Every structure is written in C-alpha cells, then in structure tokens.
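Notes to accompany the following structure.
Order of the sequence lines fixes the chain letters, A, B, ..., with proteins taken first and strands second; residue numbering starts at 1 for each chain. The shown structure was predicted, so the numbers you read here are calculated from the model rather than taken from an experiment.
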Protein chains: 2
Amino acid sequence: MTDDPTLPPTDPAALDDEAPAIPPRRPMTLRDVSEASGVSEMTVSRVLRNRGDVSETTREKVLAAAKQLGYVPNKIAGALASSRVNLVAVIVPSLRNMVFPEVMSGISEVLDDTPLQPVLGFTDYRPEKEEDVLYEMLSWRPSGVILAGLEHSAASRAMLKASGIPVVEIMDTDGEAIDAVVGISHRRAGRETARAIVRQGYESIGFIGTKMPLDHRARKRFEGFTEALAKDGREIVDQEFYEGGSGLLKGRELTQKILQRSPDLDFIYYSNDMIGAGGLLWCLENGVGVPQRLGLAGFNGMELLDGLPARLATMDAGRREIGRAAARIVAERASGALTETGQRLELAPNLQYGDTLRRPKV
Amino acid sequence: MTDDPTLPPTDPAALDDEAPAIPPRRPMTLRDVSEASGVSEMTVSRVLRNRGDVSETTREKVLAAAKQLGYVPNKIAGALASSRVNLVAVIVPSLRNMVFPEVMSGISEVLDDTPLQPVLGFTDYRPEKEEDVLYEMLSWRPSGVILAGLEHSAASRAMLKASGIPVVEIMDTDGEAIDAVVGISHRRAGRETARAIVRQGYESIGFIGTKMPLDHRARKRFEGFTEALAKDGREIVDQEFYEGGSGLLKGRELTQKILQRSPDLDFIYYSNDMIGAGGLLWCLENGVGVPQRLGLAGFNGMELLDGLPARLATMDAGRREIGRAAARIVAERASGALTETGQRLELAPNLQYGDTLRRPKV
DNA sequence: ATGAAAGCGCTAACAC
DNA sequence: GTGTTAGCGCTTTCAT
C-alpha cells in the first residue's frame, strides 16, 4: 500500500508518547539516518526504498536507525529528485451528491493496491473553479487526472492536453473526450427511460428536476428523454425545476405542486433518485396509486432506495464501477503497463422497474 | 483561492485545443519563462508569486511569456525550496458514511479562502490503515492534520507529536487529545438522549446499532446511554447489532426482529439516523403508534430525515461546523496568526424531538 | 555491495 | 527593482 513497504512507521517505543518535552522542530532527514547508522546517504536511501542490493547487516543497521529517529521520508524531495509523483488528481463537483463519494470509493479501492494516492478537488459545478483547482492540482505534477464530465473551459482542456499525463473523464460519454473516458451515455439513459415509459402505456408525462445549466449530465438525460418522447409524437406535459435543499423534501413539494397543476399526469420522470423518492413518499401518503394511476422513475440506482416502502424505478449509473475503471486506466498508464491513450469505456445503463413503473408483460 | 492570484491559467488561445500534434513532453520551467521573457529566473519567480517590487513592464513581459508557454509552476520544487507545503491532511474512516462528506464540505469551505488545500485519506475504521495513511501523508510534510477520532495507535500518536505541525482531532471529545480537538462528547450525547427518554416516561428501552469495536463514537454513545439509564435504575431490555448493508433496510429488519422478540419495548434508540429512519418506516407501515406506543431516536441530524413521513428524533452532531472549526484552527496556526496549541472546542449536542419522541409538556 | 557527485526546479538571502 | 549564489532533501548516474 505504501511506497516503502519495508520501512515500519515510527517505533512507538523509541518515540514514546510521553517522552520528548520539546518536540523536535526539524524533521529527520536521510542524512540524520546516515550519520546515526554510519552508512552513506545513498545506501540508506536504497534500504528505505529497497532498491538494489544491500547486505542484510547494513540493512538492519539502517532500519534500526530510521526507526530510532522516527524518520519519515520527505516525498517532496523524493518527488523532485525522481520526477515521479504518486498522486492522482480527482476532480469532482462536490461530495454533497452521494454519487461522488461512491465514485471515490471505487477509485480508492483500486488505488489502494498501487503506490498511487488520490488527491481530491471540488469544482462546485463551476467551470472557473474547475480551472483553478485543475491548475493547482497540475502544479503538483500528479501521475494522472480523473475528472467528472466532458465539459471544461478551453483553458482547462489546454492544460490537460499539455500536461502529458493520463486524463480520464468520468461519468459521461456524450461528447468529445480529451483522452480516456469512462461512463454512461446520459442521453441514452434518458432515451431508454422514455421508451420504457411509453412502452408501458403511460401517456401524460411530467418532469421534475434540478435547474440544469450547471449539471450537464442531468441536462443530457433530459434531452435524451424529450427526444425519445418526440420520436413517439409526444412531449412533456408539465415540468418543475428546483435548486438546493433536501432532495426528499423538494421531491414531495414539487410532486404535489405539479399534480395540482396537472392532475392528468400519469407519469413523472425525476432527474435523480432523491427527489424521486420524495415524490414516491408523497404519492404513497396521499393515496395516489403507483404505478397504475401514476408511474415514477428516477435516476442513479441509489442504495437508499432499498429501504423505502416501495422501490422507485431507476437506472443504475454504475458509479463505483466507473471509479474503479478510471483508476485502473490511470494506474496502468502511470506504471507504464499501458501506453495507448484515449481508451473509451461506455457502460450500459440498466433500467430497474422497481414498483413504480408498470412491468412489461413477459 | 489559489496561491498565485496573479497568474492566469494557461491561455486558451496560446495553447489551443487543436494545435500541438506532439504534446510537449517536458513541462515548462521557470527557466523557460526566464529565457522567453529575457528576465532573470528570480524576477520571474517574484512576478508569478507577486512578492517584492517588480516594475509593471517586466511584470507584463513575464506574465505574457508564462501564458504563452502554458507555464504551470512546479509546487514540488517550490515546496522543497521554501519548506512550505500548503496541504492539509484530512483523515477520515470513509466517505460511505454521509457524516464525513459533510465534515469535508465544512473543511473545504474554510480552506477555500486560504492558500491551503485538503488532501484526503481513508482509514476504513482500521487503526493499522490509519497508521499507513498517516505515514504516507506526513511524508508530504503538510501544514496540518485533521483526523477523525481520538483513538490512534501509539505509533500514530508518536508520529503526530513528532511532526511538529498542528493536529486537530475531530468529531469526538471524550478522551485525551494529541493537540487540538473539535467535536462533541458522544458519551454526553448518549446520556442526554437516555435522560430525555426516561423523562418522557418510556420504560422498556431497546437498542439497535452497528457492531461497535471499530466505531468508537457509536460505542461511546452507547456507553453514555446505558450509563444514564443505569443511574435511573434501568437497563437496556433488548438489543441488536449489525454490520454493513443499507442502513434503511437494516433498520427495518432489525426493528421487526427486536419487536417480535421483545414486544413490550416502548422505545428504541438507534446508533444512527439511517437505521433509525428504517425503523421509523417499518413502524409507520405496520401500524405501530409512534411516539405513544413506541418512541424512536437516532443520531446525527441528517438532512435526509426532513423528507420522511415523520421526523425521527435525533441529535445533531454539527458535522459541518466541526469541519469549519477544525479548518479554521489549522489555517490560523499554519499562517502563524495563532501560536497557541491544544485548543479544545466541545460543541453541545442538540436534541430534536421530531415526531418520534414524546415532547416535554411545557 | 557501497559511495561520490551532480542535479531535480524552485526560493531565501544577499548583493547591486 | 533586479540579479547572483546557495541550497531544500532526495535520487540518478557513474565509480569503485
């Protein structure tokens, strides 16, 4: 897991909890270990990274001294000297949306088996902030970049291209990638949902979702959705947009509002599971027959849905798998095992009917 | 937000999206900018960090050259030379538990206004992994460390003490801190919940929670809870422990199970809101009168609770505020504005009765 | 198997 | 206001 498998963390006995009244100001250096062990800096370095042949005796001497001094290597210096930085920049909109923690676990799961370490940055869905964060990250000369979405400022794209490191854009495949991509087509997700809805005989369809200028993936799902409806000669009868606030609560409020205004709706498509779940709860409480009188569908395949009174129809975006695949690409490219660039992995979205979308008769 | 407010990110026009067929392998250096602008490296460095006086003319020359070349500074080199690293290590168990994303947003909110940048590490609730991650992090010589909990291996504590950088332990205040602490007392949270329950006349009390050897805060709440009951001559009548899986679903299952086994229970205390919410949903569906026949309480004050059919009693842990406060301490200490160490901030847990705990008559 | 010398790309500390 | 000189703590390369 760590870069230096042989070097045990500071010896608790040597650097005891209670001992030093005046904590050492200056961190230990290789030179300190070298002097303490009577072995050259170079050989100490070899032992600590176990590279090259070192006799068992010197090895032990060095390890003992390092432990004794509580030596912690300085990666800054190491990175500068070797021009190798085992950091992977991961840039996502935010952690508030449960989607990204899940992607992150996929990423760390894979990186945990490599010397690479993720460094996280947030964009708050703002391209200018993305640009700043990216600049900041790239100035650490990471081994790779994983970032959400395909929409970036021209400057961001330029920086990424010029960086010469593996870049993996994740979550979305609708658009032109800078280098590698791993994700699903949100247009397709929207289309497939629309088709399933129409196929099940729903006719008067409404939409509730986030205000989308900022969220390209939600926008693309919406576009795919309306496009597929249009192909069928249909269009969205009514819609509501929101921003901020608790998803569940918004889902309730807006569902009530839209049904009040358009009581004839027989289906509502939600831009995510959270508001969808809110809508579902509202319907259950207010005696709206789901899925016969009213069908509902969300998007994401969130684990949360499993415990609700009824299972919301949804489409799994495979977030964890996306994280894993992206990390794998970066890890392989960074290790030199893979030299090819521009790999493209489009996962198939998987519609789950749950209890809120009439099922196809088999 | 960034370290170098004056240096605009790569010029999109200069380093165009389409232009270079062979992307430059070697990143630009200060020397490159120096040569391109005919200004000494040192002055270039000054301009790029806007330190010291530089004439407007040279300034412009340098900026133009940097932009033109798509120069991105090398923080590795900068950090080594200045022995200043604007990184803050943040170490949490995982991101799966919504608590930590929220703490993180508090942290980034504050750090966004400073030159500091958070770097995230995960322990998976395992002390050995925490030790590894910490070692890894400290080898980057960060400006500070924020980490969850007060329980760490002796080696971890030793490393932290020896590091000589600000250390803030968060979430929990029950125990001995290494340096600064920001959090709540989970023992007190458990005690106060127990007292409120008893005060409202509940008599036969059950507990459902995670298996706790790993989760010290859940354990402490449990201990505080049982301790307060004991003071009242009471004890927990029945209990269930679980691990893994969807919180909501587990909450349902275990609530059913415990009520089947101990139908006389008139209160269930849950170790977190997620299973509590599952239990609540089960009760509502199965006609268990809440809060009269059966009272329920969770812990965390999760936003999710707002959209459920009834509001679960809970206790807000102020996660976001904890993140903010911790980040503030690190930022002030790192900037030298604060030299004092060992600050201690204990937030008061705030009980919310919701709809599942009989309210005190006023 | 071990060591010596020369940087990695930047900034601190001084000159001028 | 600008330039020069030394490193920062490692690793690379080449000797031995």
Side-chain angles (χ1 to χ4, degrees), chain A residues 3-4 7 24-63 65-66 69 71-86 115 138-142 163, chain B residues 3-4 7 24-63 65-66 69-86 115 138-143 163:
Chain A
D3 219 350
D4 320 278
L7 183 69
R25 277 294 106 196
R26 181 180 64 72
M28 294 295 137
T29 68
L30 259 195
R31 168 184 240 101
D32 294 317
V33 180
S34 165
E35 281 166 5
S37 63
V39 176
S40 80
E41 274 189 57
M42 197 50 237
T43 302
V44 171
S45 170
R46 285 197 184 93
V47 172
L48 265 24
R49 292 175 299 148
N50 55 339
R51 288 279 147 74
D53 296 319
V54 180
S55 77
E56 194 48 40
T57 14
T58 28
R59 210 185 123 68
E60 275 162 19
K61 257 193 294 187
V62 169
L63 250 23
L69 296 175
Y71 173 73
V72 175
N74 185 332
K75 290 219 180 202
I76 301 277
L80 182 61
S82 65
S83 49
R84 249 190 298 276
V85 181
N86 289 329
L138 288 179
S139 66
W140 287 104
R141 302 283 188 269
S163 72
Chain B
D3 217 351
D4 319 279
L7 183 69
R25 276 294 107 195
R26 182 179 63 71
M28 294 295 137
T29 68
L30 258 195
R31 169 183 239 100
D32 295 317
V33 180
S34 166
E35 281 166 6
S37 63
V39 176
S40 80
E41 276 188 55
M42 197 51 233
T43 302
V44 171
S45 170
R46 286 197 184 94
V47 172
L48 265 24
R49 292 175 298 148
N50 54 338
R51 287 282 148 74
D53 296 320
V54 180
S55 77
E56 195 49 40
T57 14
T58 29
R59 210 185 123 68
E60 274 160 20
K61 258 195 292 186
V62 169
L63 251 21
L69 296 175
Y71 173 73
V72 175
N74 185 332
K75 291 218 180 201
I76 301 278
L80 183 61
S82 65
S83 49
R84 247 191 300 275
V85 181
N86 289 330
L138 289 180
S139 66
W140 287 104
R141 302 283 186 268
S143 293
S163 72

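Every residue meeting the side chain to side chain contact (heavy atoms under 4.5 Å, CB included) condition with L80(B), not counting sequence neighbours, appears here in chain and number order: I76(A), A77(A), L80(A). Qualifying side chain to side chain contact (heavy atoms under 4.5 Å, CB included) partners for R31(A), counting only residues two or more places apart in sequence or in other chains: T29(A), E35(A), E41(A). Shown here are the side-chain hydrogen bond (donor to acceptor under 3.5 Å, both in side chains) partners of S139(A), two or more places apart in sequence or in another chain: there are none. T58(A) meets the side-chain hydrogen bond (donor to acceptor under 3.5 Å, both in side chains) test with S55(A); sequence neighbours excluded. Evaluation of the side chain to side chain contact (heavy atoms under 4.5 Å, CB included) rule for S45(B) yields L30(B), M42(B), R49(B) as partners, not counting sequence neighbours. Listed by chain and residue number, A65(B), L69(B) satisfy the side chain to side chain contact (heavy atoms under 4.5 Å, CB included) test with A36(B) (two or more places apart in sequence, or in another chain).
Within the model, atoms CG of L138(A) and NZ of K75(B) stand 11.5 Å from one another, a figure rounded to the nearest 0.5 Å. Summarising the geometry, atom CG belonging to D53(B) is positioned 9.5 Å from atom CZ belonging to R46(B); distances are rounded to the nearest 0.5 Å. Atoms NZ and OG1, from K61(A) and T43(A) in turn, are 10.0 Å apart once rounded to the nearest 0.5 Å.
The side-chain heavy atoms of V33(B) and V39(B), taken from C-beta on, include no pair separated by under 4.5 Å. Counting heavy atoms from C-beta on, the side chains of V44(A) and S37(A) come closer than 4.5 Å. Contact check for S83(A) versus R141(A): no side-chain heavy atoms found under the 4.5 Å cut-off.
Here dC10(C) presents its C1' atom at 13 Å from CG of D32(B), a figure rounded to the nearest Å. The nearest whole Å value for the distance from the CZ atom in R26(B) to the P atom in dC10(C) is 10 Å. For R84(B) and dA13(C), the CZ to C1' distance is 13 Å, given to the nearest whole Å. If you measure from atom CZ of R31(B) to atom C1' of dG7(C), you get 11 Å, rounded to the nearest angstrom. What separates CE of M28(B) from P of dC8(C) is a distance of 16 Å, to the nearest Å. The nearest whole Å value for the distance from the NZ atom in K75(A) to the C1' atom in dC8(C) is 17 Å. The distance between atom CZ of R49(B) and atom C1' of dC10(C), rounded to the nearest whole Å, is 8 Å. Note: CG (N86(B)) to P (dT11(C)) measures 12 Å, nearest angstrom.
For T43(B) and A77(B), each mapped to the nucleotide of DNA chain D holding its nearest heavy atom, the one lying further toward the 5' end belongs to T43(B). Both E56(B) and A79(A) lie close to DNA chain D; mapped to their nearest nucleotides by heavy-atom distance, the more 5′-ward contact belongs to E56(B).
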Set out, line by line, the N/O atom pairs under 3.5 Å between protein and nucleotides 4-6 of chain C.
none

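For the helix from dA1(C)-dT16(D) to dC16(C)-dG1(D), the rotation axes defined at the first and last 5 base pairs enclose an angle of 30°, given to the nearest 10°.
If you check every strand for non-hydrogen atoms under 4.0 Å, D53(A) touches a base. Nucleic acid contact class of S83(A) (heavy atoms, under 4.0 Å, all strands): none.
Taking the 5' to 3' direction, DNA chain D first and last meets chain A under 4.0 angstrom from a heavy atom at dG9(D) to dT12(D).
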